[in-house]
2 protein chains.
Amino acid sequence: MVDRPARVTMMDIAAAAGCSQAAVSFVLNDTPGTRISQQTRDRVWEAARALGYTGATYTTKAAYSGLDNVIGFAVDQLATSPEAIVAIEGARQASWNAGNVLLVAQTLSDPVMEPKAIKALTSGGISALIYMTIYTRQIELPSYVSQLNIPTVLLNCYTADHAFPAVVPSEIAGGQSSTRHLITHGHHRIATITGEIWMQAAQDRLTGYRRALATADIPFDPELVIEGDWSAGAGYAATMKLLALKEPPTAIFCQNDRTAIGCYEALKDAGLHIPQDMSVVGYDDEEISRHLVPPLTTSVLPHLAMGQWAIEHLNPDSTPGKRYPIAKLECSLVKRHSVAAPRADTREIFDGGHTSP
Amino acid sequence: MVDRPARVTMMDIAAAAGCSQAAVSFVLNDTPGTRISQQTRDRVWEAARALGYTGATYTTKAAYSGLDNVIGFAVDQLATSPEAIVAIEGARQASWNAGNVLLVAQTLSDPVMEPKAIKALTSGGISALIYMTIYTRQIELPSYVSQLNIPTVLLNCYTADHAFPAVVPSEIAGGQSSTRHLITHGHHRIATITGEIWMQAAQDRLTGYRRALATADIPFDPELVIEGDWSAGAGYAATMKLLALKEPPTAIFCQNDRTAIGCYEALKDAGLHIPQDMSVVGYDDEEISRHLVPPLTTSVLPHLAMGQWAIEHLNPDSTPGKRYPIAKLECSLVKRHSVAAPRADTREIFDGGHTSP
DNA sequence: CGTATTTGGTAATTAATATTAGCATCTATC
DNA sequence: GATAGATGCTAATATTAATTACCAAATACG
């Protein structure tokens, strides 16, 4: 480069502050063992700030830039739901022994903010990156992430090319075990209220539901699947629709807790009691679920475990071209008091008359 | 320095990778317009990583280190309570227009981790720092924070020397307005269940309580102040103690929502109804409060506003020696259904016989 | 087969910063 | 009022990294 007019050097600061370049170096680096008066220090700092000193050109984007054990954690949203916090906590716990520091930035799913956030993270010299999204989904990893040349793990999302380790909740298994839990309590006529069906999670939980039915040799009845939208309102409406059926279900698998809240309301309005008249299970284990009456049986999202998994799979040997399978972690069922065996009379109808002892 | 054995330079990498220093520079900087084969690039990266290349020495800790608009947010705990997240969200909203990126790190109140966290934050070249604690309290700001030479704001904490702008909730005003709310509903015999009294927040809320009584010319009765510990259990015990009083109160100001939950339980067990037999107000506006029966009147902690305030007061002109007053933001009361006028009969006793129309 | 062009580098130069050594000036001390 | 530090700084130098200019081998091509 022939002309570099923009760059501010220590020489410029020295000229502005009326001292030597060496003095500027001493001040800005706070070099121990040098004697510079406070006045000169102030003048230097002031000049540096006024001129917008940016440090040396020699700040290579190279790996291990000074800080070891700093792991970047990029997530699209922090405040909207607790999952991100839980995952961060899991990551923190897992890296506790190693003394790692987590640096968290929000990408806000914004084409302007995301590169800024990632740059802010990386220019600090992180040694690894965890990239998380709030909603489980396939993503296109931006090039400025994939070309970072540091170990990277995807959390709650994955790319089509499987170029990075990725971990997501096992929603299929979760839907399956929720449904199986109802089946083992003797239910045969089990309804489900889905989320917005275009979302991966909703499809997977439904798949799990069907799989559990198939495993137990219970025929699938499309009448018992109502499409919701994760909201309590949809849960209410769907439950009402189910109750109006000629053969109403004896149990409802609500595919998230908010839907279950609407379901609770509808059952109350219909004069039915949980779990005597109707068993209900939710999904997500939101804080409120344990305070419902009766406390809701639901599945915990494994975000804590996913955070831990991510840390444990930050493998430095990134063989180029390697392909990783997507890891799926179990959503464990927390059993509370919203599930019971169906009433004998109801059960007899579908059980062909023989009741269990 | 005569011997510098530790420092890894591009020369070292060049030797290890079997190429020139220039080639290393090209590769690590991804300099456009240079032709380096992929094999050489790989060798260079591998060597750089193996040797632990840390970048140039010339990475001055100077101001404005490359990244403008990156604000560090250090907080002791992220996961234990939602306040930190709310404050971060407030800060994010406030800096939205400016396009700032927030970089969040947890200090974990740990003498080992905190310096690491702060260093991770600052070495990225943040232009400002917000330092937050979960519990409102006076702190000793570590020297590596106070000597950072960037605009700094304290959130939910403050130093004895007032050397930095600081913002905390106005707990005194909050306690006062909670109590006043009960007074305006006609209550004269108002109890309070405190938190752990060594905590600033508990003391301040109690002070607000006393101040509200004094303003309304209601004599302070020590019998009506029970020391709790923020827990539901303490709330239960304290309420029972209050109910056993010769002249039980008609309203209870629980100094946090969890205490109020215990209080609700105790009242239920005593066969009393809220708000007909006893008015209750809480504090903190936890998620659960709106789902209690009846929904709890409580005060919202102003963490969102505090986050915004912090961003707005990141003033770059840090005149050395300047003193800042501690800003206090209002805890606004959210009125739900746990407060009503006292029963006429109860009120008559203390009202001297004349009831309001 | 000679020549042009691309590929893949190096050597030398330059820019920027860190560090060492030393030089005035002040200040306390006898 | 000489003198021995201590203080506050600069000049010179050493390191390090970025960049330019150039070079040799491989490849394409008529």
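Note that the structure is a prediction, hence the values are computed from the model and not measured. So that the names make sense, note that chain A is the first sequence line, chain B the second, and so on, each numbered from 1.
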Quiz item: By side-chain hydrogen bond (donor to acceptor under 3.5 Å, both in side chains), which residues pair with A:Gln21, not counting sequence neighbours?
Solution: none
Quiz item: So, is A:Ser37 close to the D:dC9 phosphate, meaning a side-chain N or O under 4.0 Å from OP1 or OP2?
Solution: yes
Quiz item: Donor-acceptor pair, B:Ser127 side chain versus B:Val70 backbone, under 3.5 Å?
Solution: yes
Exercise. Could you grab the distance from atom OH of B:Tyr131 to atom CG of B:Leu155, nearest 0.5 Å is fine?
Key: 12.0 Å
Self-check item: Between B:Asn156 and B:Thr136: side-chain donor-acceptor atoms closer than 3.5 Å
Solution: yes
Self-check item: Nucleic acid contacts of residues 15-23 of chain A, taken as heavy-atom distances under 4.0 Å to DNA chain C
Solution: A:Gln21, A:Ala22
Quiz prompt | Side-chain donor or acceptor of A:Arg41 paired with backbone N/O of A:Ile36 under 3.5 Å | solution = yes
Quiz item: Are OP1 or OP2 of D:dA18 and a side-chain N or O of B:Ser25 less than 4.0 angstrom apart?
Solution: yes
Practice problem: Could you check how far CD of A:Gln38 sits from P of D:dG8, rounded to whole Å? | Solution: 10 Å
Quiz item: Looking at B:Thr40, does any N or O in its side chain come under 4.0 Å of the phosphate oxygens OP1/OP2 on C:dG9?
Solution: yes
Self-check item: 5'-most by nearest nucleotide on DNA chain C - A:Arg35 or A:Met11
Solution: A:Met11
Practice problem: Could you check how far CE of B:Met10 sits from C1' of C:dA16, rounded to whole Å? | Solution: 13 Å
Quiz item: To the nearest Å, how far apart are A:Phe26 CZ and C:dA21 C1'?
Solution: 10 Å
Exercise. Using modelled atom types only, decide if a donor and an acceptor are shared between the side chain of A:Glu89 and the backbone of B:Ala79 within a distance under 3.5 Å.
Key: no
Quiz prompt | Protein-nucleotide distance (B:Ile36, atom CD1; C:dT6, atom C1'), rounded to Å | solution = 14 Å
